[in-house]
Amino acid sequence: MSQDRSIASHVVNQIVALIHAERLPAGTHLPAQMLADRLRISRSPVNEALALLHEKGVVTREKHRGFFVAQPVASLEATAPDAVTAAYFQVAEDLLRGELPMEVAEQTLRARYGLTAAQLNAVLTRIAQEGWGERKPGYGWQFSTMLTTPDSLLQSYRMRLALEPAALLEPGYALDPRTLERLRAAEQHLLDGGIETDTADQLHDRGVRFHEALVEASGNAFFIDAIRRVNRVRRLLSYRSMRDRARYAAHARQHLHILSLLEHGRNAEASDAMREHLEHTLSALARIRDVLSP
């Protein structure tokens with residue numbers, strides 16, 4: 001398998017997970033640039049992944065218009081974790097446990113996780129895109145020390161506590177009704193059983209999409225850049241916190257309440273509700289420090 005093909009195969013799983021998480025109906029347009037922005041990758045692997053999904057009948061292609069969801073989400077089968085995804089999570093876990101050095105050669109990673117060169121490249125490309133690792137001069141990689149301890153995750157939530165409620169009060173705040181309905185459907189999916197069945201990737205990305213969409217509606221580029229940056233690097237400990245999923249039902253109901261307030265233009269109340277929501281999450285994370293710790 002070529003390097004590009006291996007990366008595209010991983011992106012296929014990410015696109016299918018997005019369709020599942022947002023309950024996108026048949027006929028929904030899937031612009032390549034939108035997917036590239038959401039997945040924080042270039043358009044090239046997105047286009048190749050869409051072509052693969054077209055071959056599988058998951059999406060349709062219309063001349064001069066692009067790709068569209070071909071099947072209702074309920075008929076899509078969840079894809080099994082591939083070698084790239086499995087290795088990605090194992091690297092994250094080993095790093096958090098202190099079992100992987102902060103600087104490591106690519107050959108060491110290949111041998112440790114039993115990967116081909118193309119698979120390793122796909123894993124490292126995802127890590128680099130998410131901001132917790134970068135290539136050193138030569139063939140080695142260096143991982144970030146940011147957000148590898150429970151305290152650093154709690155600090156990221158305190159930063160969000162200062163930012164997100166303020167974003168909802170920005171002049172001209174406007175949440176697109178279609179975005180609001182997509183976010184509402186994603187939260188309802190969790191309450192209908194998705195909390196138990198969704199993967200860690202799906203749970204994390206659902207939360208990221210909710211909070212980023214609400215901040216993006218502020219139109220404040222500084223707020224938007226800040227929330228995207230912190231979401232990229234908090235992913236590692238977020239995965240570990242998902243071992244305790246009991247808190248997600250309350251989170252989903254809180255998200256739905258905030259959406260209802262925004263829908264009716266009650267932004268001051270929505271801002272207060274967002275502050276309470278983040279404080280609730282902060283308290284919950286503080287209670288599961290043993291889960292977050294190596």
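- Results of the side chain to side chain contact (heavy atoms under 4.5 Å, CB included) test with D198 over R206, H204, H189 single out H189 as the only residue that passes.
- Under a hydrophobic-cluster definition in which Ile, Leu, Val, Met, Phe, Trp and Tyr are linked whenever side-chain heavy atoms come within less than 4.5 Å, directly or via other members, V16 and M34 are assigned to the same cluster.
- Two different hydrophobic clusters hold L261 and M274 under the rule that ILVMFWY side chains link at heavy-atom gaps under 4.5 Å.
- The two atoms that bring G57 and A70 nearest to each other are O-CB, 3.5 Å, heavy atoms only.
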Show, in sequence, the C-alpha distance, side-chain angles and deciding distance for L124 and E106, and conclude whether the side-chain contact (heavy atoms from CB on, under 4.5 Å) test is met. CA-CA 9 Å; L124 294 176; E106 290 187 14; 4.1 Å; yes

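- Residues H257 and H277 keep their aromatic ring centres 6.0 Å or farther apart.
- Legend: residues meeting ring-ring contact (aromatic ring centres under 6.0 Å, His included) with H54, ordered by chain and number and at least two apart, are absent.
- A chain of hydrophobic side-chain contacts below 4.5 Å, direct or via other Ile, Leu, Val, Met, Phe, Trp or Tyr residues, connects W141 to M102.
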Using the side-chain contact (heavy atoms from CB on, under 4.5 Å) rule, take E212 and I224 through it: C-alpha gap first, then chi angles, then the decisive distance, then the call. CA-CA 7 Å; E212 288 190 0; I224 295 168; over 6 Å; no

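- A salt bridge links D272 to R275: at least one charged side-chain nitrogen sits closer than 4.0 Å to a carboxylate oxygen.
- Residues S271 and P165 approach most closely at OG-O, 2.8 Å, considering heavy atoms.
- Taken from CZ in R160 to OG1 in T281, the straight-line distance is 7.5 Å, to the nearest 0.5 Å.
- Contact of the V58 side chain with the L52 side chain is not registered, since no non-hydrogen atoms from C-beta on lie closer than 4.5 Å.
- Considering all non-hydrogen atoms of both residues, F143 and P101 come closest at CD1-O, 3.7 Å.
- With rounding to the nearest 0.5 angstrom, the CG atom of L259 is 8.5 Å from the CD atom of E181.
- For the atom pair CZ (R266) and CD1 (I258), the distance works out to 13.0 Å, reported to the nearest 0.5 Å.
- The OH atom of Y157 sits 12.0 Å away from atom OG of S283, with the distance rounded to the nearest 0.5 Å.
- Remark: E187 does not engage R184 in a salt bridge, criterion side-chain N to carboxylate O under 4.0 Å.
- Checked by atom type and distance alone, the side chain of D176 pairs as donor or acceptor with a backbone atom of T179 at under 3.5 Å.
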Candidate pair E279 and R158, rule salt bridge (Lys or Arg N to Asp or Glu O under 4.0 Å), full reasoning: CA-CA 8 Å; E279 288 174 344; R158 286 193 287 272; over 6 Å; no

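- Between H211 and L278, the closest side-chain pair of non-hydrogen atoms falls below 4.5 Å.
- Between the OG atom of S218 and the CD1 atom of I227 there is a distance of 10.5 Å, given to the nearest 0.5 Å.
- Each of D225, L168, N220, L163 was scored for a side chain to side chain contact (heavy atoms under 4.5 Å, CB included) with V215, with one residue passing: L163.
- Across Y248 and I195, no two heavy atoms sit closer than the pair C-CD1, 3.7 Å.
- Closest approach of A213 and L175 over heavy atoms only: O-CD1, 4.1 Å.
- Here the CG atom belonging to L115 is positioned 11.0 Å from the CD atom belonging to Q90, to the nearest 0.5 angstrom.
- A donor-acceptor contact under 3.5 angstrom links the side chains of D94 and Y113, judged on distance only.
- For the pair L191/L256, a side-chain contact is recorded, criterion being any heavy-atom separation below 4.5 Å from C-beta on.
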Test side-chain contact (heavy atoms from CB on, under 4.5 Å) on L35 and V11; report intermediate values, then the result. CA-CA 10 Å; L35 293 172; V11 176; over 6 Å; no

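- You'll find the side chain of L214 reaches within 4.5 Å of the side chain of L183, heavy atoms only.
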side-chain contact (heavy atoms from CB on, under 4.5 Å) between L50 and V12, intermediate numbers included: CA-CA 7 Å; L50 287 170; V12 163; over 6 Å; no

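- Panel note: side chain Q119, backbone T116; a donor-acceptor pair is recorded below 3.5 Å.
- Between H29 and F68, the two ring planes are parallel [angle under 30°; tilted spans 30° to 60°].
- Within the 4.5 Å cutoff, the side chain of I127 has no heavy atoms near those of the E134 side chain.
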